[in-house]
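Just so it is clear, the values below take in all heavy atoms, side chains as well, and ignore hydrogens, waters and symmetry mates.
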Amino acid sequence: MKKIKIEDIRVLSDGLYLQAIESCKFQKFMKDFRASKAAENSENLHSLNLCFSEKQQLLRRLEEFGDQSLNDLLWQNTPWDADEELLSFNPIFTARKTVILINQVDQLIEDYNNLDAHTLQQGYRSSLETLIDMITSKQSVRYSLLVSAELRNKIQGYTAIKQRHGVKHKIFFETLIEYADKHGKWISPSMAVRHVYVDVIDKFAEVDGQYIEKKLEKLEERKRIVSQEKEEIERIIVNIKVRNAKKIQSRQDDETLKYAEERQCKLVEELQPLEIKISKYILAKKQGYPFESLGREILFNSDIELSLINCLVSNQEIMRKVIVS
């Protein structure tokens, strides 16, 4: 198992501190908060830039709120205190629970070099799940509550991957249960997997193929939109330069040209990663199932039989239904 990057854990830590600053309106730390938001707006990675003593001071302030819910802290002294339609945190999530979560994440960072990949992965996933629980209210994950755009993107990506994995787990487990109901239980997980392997793989190939097609469709549509805007911007630039060459120019032309050239650069920067991603999915599609070139983006695409056995063994409820005890 590949070790999770410490930068990913730091993004989570910074995001949680920013969340505390915003939710509890800690004015002393607002300067750092605004600087971080400015970094987000420029689409750069950011760091909270709080020293250890400042983080400890923030946590002590947060601890003072004890079992007050984040909703109470977020909406207090506003006209919207009782408005249930507003975006809100899970009502059971308190300031104290936030402190516990932050400490858990910071401990992962502190112990990073001494922890193995599996332990780090478990700790990181557990923290992400807790954060998702924090922003889940009325069975809806409210991503917009997250202050950090970088963390918000990571959480959205994590939940999307989890949903895709859930689809495959459901296919695998339902196929096992259906077979066991008709033909009886197996004496071992390896035998169970071998018996359903072909059917499961056929279904996996269909699901993964559909996923790749949807990704390509979305990326190619975005490329079309960006390319079209880029062409329009380039026409504007050419027209202004032609007028300038004829000494027919104005202050408005100068301002428009500056904006157009800046926008052109941003569109070019966006096009390059789009084309790389499109090429990646086209290559995977050409290679066919199990789409190994996509790596961990696709569940069960390497050492498939062993992975399925491990998946079955780790689910005791399904084991009881399909394996002889």
Joint hydrophobic cluster, Met134 plus Ile92, side-chain heavy atoms closer than 4.5 Å: no

Gln19 side chain to Leu145 backbone, donor-acceptor under 3.5 Å: yes

Joint cluster assignment, Leu12 & Ile109, ILVMFWY side-chain distance < 4.5 Å: yes

Heavy-atom closest contact (Val322 atom, Ala180 atom, distance): CG1-CB, 3.9 Å

Lys321 to Phe173 six-membered ring, cation-pi geometry met (6.0 Å, 45°): no

Check: Phe300 and Ile171 side chains under 4.5 Å, non-hydrogen atoms: no

Ring pair (Phe, Tyr, Trp, His ring centres under 6.0 Å) contacts touching residues 260-288 (sequence neighbours left out): none

Greater than 12 external heavy atoms within 6.0 Å of Lys154's NZ: yes

Test item: Lys168 side-chain N/O and Leu299 main-chain N/O as donor-acceptor pair under 3.5 Å: yes

Any donor-acceptor N or O pair under 3.5 Å, side chains Gln156, Arg152: no

Atom pair NZ/CD1 of Lys185 and Ile177 - distance to nearest 0.5 Å: 10.5 Å

Interatomic spacing from CD in Gln104 to OG in Ser126 - rounded to 0.5 Å: 6.0 Å

Criterion side chain to side chain contact (heavy atoms under 4.5 Å, CB included) on Asp106 and Phe52, from CA distance to verdict: CA-CA 11 Å; Asp106 284 350; Phe52 177 78; over 6 Å; no

Gly15 to Ser148 - nearest heavy-atom pair and separation: CA-CB, 4.1 Å

Heavy-atom donor-acceptor pair, Asp111 side chain to Asn114 backbone, under 3.5 Å: no

Linked, directly or transitively: Met191 and Ile304 (ILVMFWY side chains, under 4.5 Å): yes

Joint hydrophobic cluster, Ile323 plus Ile187, side-chain heavy atoms closer than 4.5 Å: yes

Donor-acceptor under 3.5 Å (Asp303 side chain, Leu306 main chain): no

Criterion side chain to side chain contact (heavy atoms under 4.5 Å, CB included) on Asp199 and Tyr179, from CA distance to verdict: CA-CA 11 Å; Asp199 287 343; Tyr179 190 100; 5.9 Å; no

Note, Gln56 side chain near Leu59 side chain (heavy atom, < 4.5 Å): yes

With Arg96 via salt bridge (charged side-chain N to carboxylate O under 4.0 Å, His left out) - residues at least two apart: Glu63, Asp67

Within 6.0 angstrom of Gln272 CD, more than 12 heavy atoms from elsewhere: no

Rounded distance (nearest 0.5 Å) linking atom CD of Glu234 with atom OG of Ser227: 9.5 Å

Under-4.0 Å salt bridge between Glu297 and Lys280: yes

Ion pair Glu220/Arg224, N-O distance below 4.0 Å: no

Spacing of CZ belonging to Arg10 relative to NZ belonging to Lys5, to within rounding of 0.5 Å: 13.0 Å

Pairwise distance CG(Leu16) to NZ(Lys55) - rounded to 0.5 angstrom: 10.5 Å

Where Asn301 and Gly295 come nearest, the two heavy atoms and their spacing: ND2-O, 2.9 Å

Electrostatic pair Lys182:Glu178 at N-O distance under 4.0 angstrom: yes

Co-membership, hydrophobic cluster, residues Val141 and Leu101, 4.5 Å side-chain: yes

Beyond-backbone contact of Glu270 with Arg222, side-chain heavy atoms, under 4.5 angstrom: yes

Check: Phe65 and Val99 side chains under 4.5 Å, non-hydrogen atoms: no

Shortest non-hydrogen separation from Cys311 to Phe172 and the atoms involved: SG-CD2, 4.2 Å

Sub-4.5 Å side-chain heavy-atom contact between Thr130 and Ile100: no

CD on Gln210 to CD on Glu217, rounded to 0.5 Å: 12.0 Å

Candidates Ile6, Leu108, Asp8 - the one meeting side chain to side chain contact (heavy atoms under 4.5 Å, CB included) with Leu120: Leu108

Close side-chain approach of Leu131 and Tyr158, heavy atoms under 4.5 Å: no

Residues Asn90 and Thr136: side-chain donor-acceptor under 3.5 angstrom: no

Main-chain N/O of Glu129 paired to Asp133 side chain as donor or acceptor, under 3.5 Å: no

Minimum-distance pair of heavy atoms, taken over all atoms of Leu271 and Lys223: CD2-CG, 3.9 Å

Residues Glu221, Lys218: salt bridge by 4.0 Å N-O rule: no

Closest heavy-atom pair and its distance - Leu312, Ala192: CD2-CB, 4.1 Å

Check: Gln57 and Arg60 side chains under 4.5 Å, non-hydrogen atoms: yes

Test log, rule side chain to side chain contact (heavy atoms under 4.5 Å, CB included), inputs Val200 and Lys203: CA-CA 5 Å; Val200 169; Lys203 293 172 183 176; 5.9 Å; no

